[in-house]
Amino acid sequence: MSVAETPDLPRSEARTPAAPVVPEYVQPPDRSTLPLVFTAPRRGKPPMHWADLDPAARRTAVEAAGHRAYRARQISAHYFEGLRDDPDTWTDLPVAVRGELASTFMPQLLKPVRELTCDDGDTVKSLWQLHDGSLVESVLMRYPDRVTMCVSSQAGCGMACPFCATGQGGLQRNMSTAEIVEQVVDGARKLAHGALKDPDASSTPRVSNVVFMGMGEPLANYKAVVGALRQLTTPKPDGLGMSARGITVSTVGLVPRIKELATEGMPVTLALSLHAPDDELRDELVPVNTRWNVDEVVDAAWEYARITKRRVSIEYILIRDVNDQPERAEQLARVLRRRGTWGWVHVNLIPLNPTPGSRWTASRRSDEDEFVRRLQARGVPVTVRDTRGREIDGACGQLAAGQADIAEASTATTPVARARV
Ligand code: SAH
């Protein structure tokens, strides 16, 4: 269900997404005024895939295709446990049916267009083409203690944040559950095949963390995203068997959806892209603030922490002379502390990553340090995020797959161009 289909949203805006919701006066004259788009354009549905189905639906589908129900578990073990989508490797299934099962249940959803590597080989960005030509990106990152997969949940994004390259490109369509899951499975396969391996480490790394911080607003594609969360957290062999603790859903702050997510029984970490402690500035930086303001969205985040017992992460991009003043740090501390000091929240500061056409830049180091100091002095836990993938436009807010990427990739000699930047 999309956000616009819920009764708690004003229907008029949902029906006419073309009308800008952001009052003109808060927009600087040289920045675009994009509309907020909650309902994704309806495009041809991606083909159904094994990772769209729950275990019961898989058994039914296998039976409907003329096979015994227990085959479903065998197929799941190949896909989720063995990460094998090549039917030739499904040796516990009769040769005669392998190909047919694979073509019915595992159509290729993500066509690799290009891969870029940076950070000494510790970051890999993949550009994918979906069945209808839409382009999305995912980023795999190795850290000393974990491997994080950053996934897209929509092709494009309708939230129109002016500092974000994806937001500036508008929304093409929602991704399906399987299209989201396949990004993680691909990362897991890459690792299994030796990618990102530390030559000194004896064991093969695994995807330990998944962050919904790629293209799109995950909570505007709620049903597919929750479906993907289930596939990721369902124990093997019926799912990828990941811990909900390792999964982070990042949102601009769709309040009804934050509340709903809290009741799903999957205590994933919620990251709220706040970026300003006051409505005047947040209306401009995160246009959806005109729908749910700072107080409403921080209340919802607090409620999420209370219900799930998971500490919420407040994302705060530092933009030079826009939101990085000491008074704003004080105000942010007040906004958070007002809701209690029981460890419900943590602030993650993100140095602004450059995006095309934006006249904003990252904060000065001294202002960043002062911002951190002010928050710490008020007892607010704070970290500064490192900017993985910056050189390959794979960092936060830089994902904006475009036709130029395809053109560039198609001039390469192999279908997947591997560039080392
Ligand atoms: N739509 C979701 C998830 C995608 S963006 C959201 O907004 O939360 C993931 C994070 O990257 C968000 O906190 C987002 O605000 C941040 N981001 C976007 N553009 C950025 C940029 N240019 N530099 C740094 N962070 C950015």
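Note that ligands are numbered from 1 as they come in the structure, with each ligand's atoms numbered from 1 the same way. Source: prediction; values computed, not measured.
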Can you tell me if [X] has a non-hydrogen atom under 4.0 Å from ligand 1?
{"X": "Gly216", "result": "yes"}
{"X": "Ser358", "result": "no"}
{"X": "Glu217", "result": "yes"}

Residues, nucleotides or ligands: over 12 heavy atoms within 6.0 Å of Arg146 CZ
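Counting other residues, nucleotides and ligands, CZ of Arg146 exceeds 12 neighbours.
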Taking only heavy atoms of [X], which atoms of ligand 1 are found under 4.0 Å from at least one of them?
{"X": "Ile317", "result": "15 (O), 17 (N), 20 (C), 24 (C), 25 (N), 26 (C)"}
{"X": "Glu315", "result": "13 (O)"}
{"X": "Cys164", "result": "18 (C), 19 (N)"}
{"X": "Phe212", "result": "3 (C)"}
{"X": "Gly214", "result": "4 (C)"}
{"X": "Thr355", "result": "22 (N)"}
{"X": "Ile350", "result": "24 (C), 25 (N)"}
{"X": "Val252", "result": "6 (C), 7 (O), 8 (O)"}

Are side-chain heavy atoms of [X] and [Y] found at a separation under 4.5 Å?
{"X": "Met175", "Y": "Gln183", "value": "yes"}
{"X": "Leu36", "Y": "Met159", "value": "yes"}
{"X": "Leu254", "Y": "Val288", "value": "yes"}

So how far is it from Trp50 CH2 to Phe80 CZ, rounded to the nearest 0.5 Å?
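Going from CH2 on Trp50 over to CZ on Phe80, the span is 9.0 Å.
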Closest non-hydrogen atom pair between Asp324 and Ser363, with its separation:
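Scanning both residues completely, I find the closest heavy atoms to be OD2-OG, 2.8 Å.
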Between Gln154 and Gly216, which heavy-atom pair has the shortest distance, and what is it?
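Between these two residues, the closest heavy atoms are OE1-CA, 3.5 Å.
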Provide the full list of salt bridge (Lys or Arg N to Asp or Glu O under 4.0 Å) pairs with a residue in residues 149-178, sequence neighbours left out, each pair given once.
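Passing the test, one end in residues 149-178: Asp132-Arg173, Arg173-Glu179.
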Indicate whether any N or O donor in one side chain lies under 3.5 Å from an N or O acceptor in the other, for Lys236 and Ser76.
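Looking only at side-chain atoms, Ser76 and Lys236 do not form any donor-acceptor pair under 3.5 Å.
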Using heavy atoms and a threshold below 4.0 Å, how should the contact between Asn353 and ligand 1 be classified: side chain, backbone, both, or neither?
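For Asn353, backbone and side-chain atoms both sit under 4.0 Å from ligand 1.
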Which one holds for Leu352 and ligand 1: side chain close, backbone close, both close, or neither close, with close meaning a heavy atom under 4.0 Å?
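It is both parts that get close, each with some atom under 4.0 Å.
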Return the set of residues passing ring pair (Phe, Tyr, Trp, His ring centres under 6.0 Å) with His49 (not counting sequence neighbours), or none when no residue passes.
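Once residues adjacent in sequence are excluded, the partners of His49 under the ring pair (Phe, Tyr, Trp, His ring centres under 6.0 Å) criterion are Tyr79.
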Kindly confirm or rule out an N or O of [X] lying under 3.5 angstrom from an N or O of ligand 1.
{"X": "His275", "answer": "yes"}
{"X": "Thr251", "answer": "yes"}
{"X": "Pro351", "answer": "no"}
{"X": "Phe163", "answer": "yes"}

Short side-chain to backbone donor-acceptor contact, Asp119 and Asp122, under 3.5 Å:
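Looks like no, no N/O pair under 3.5 Å.
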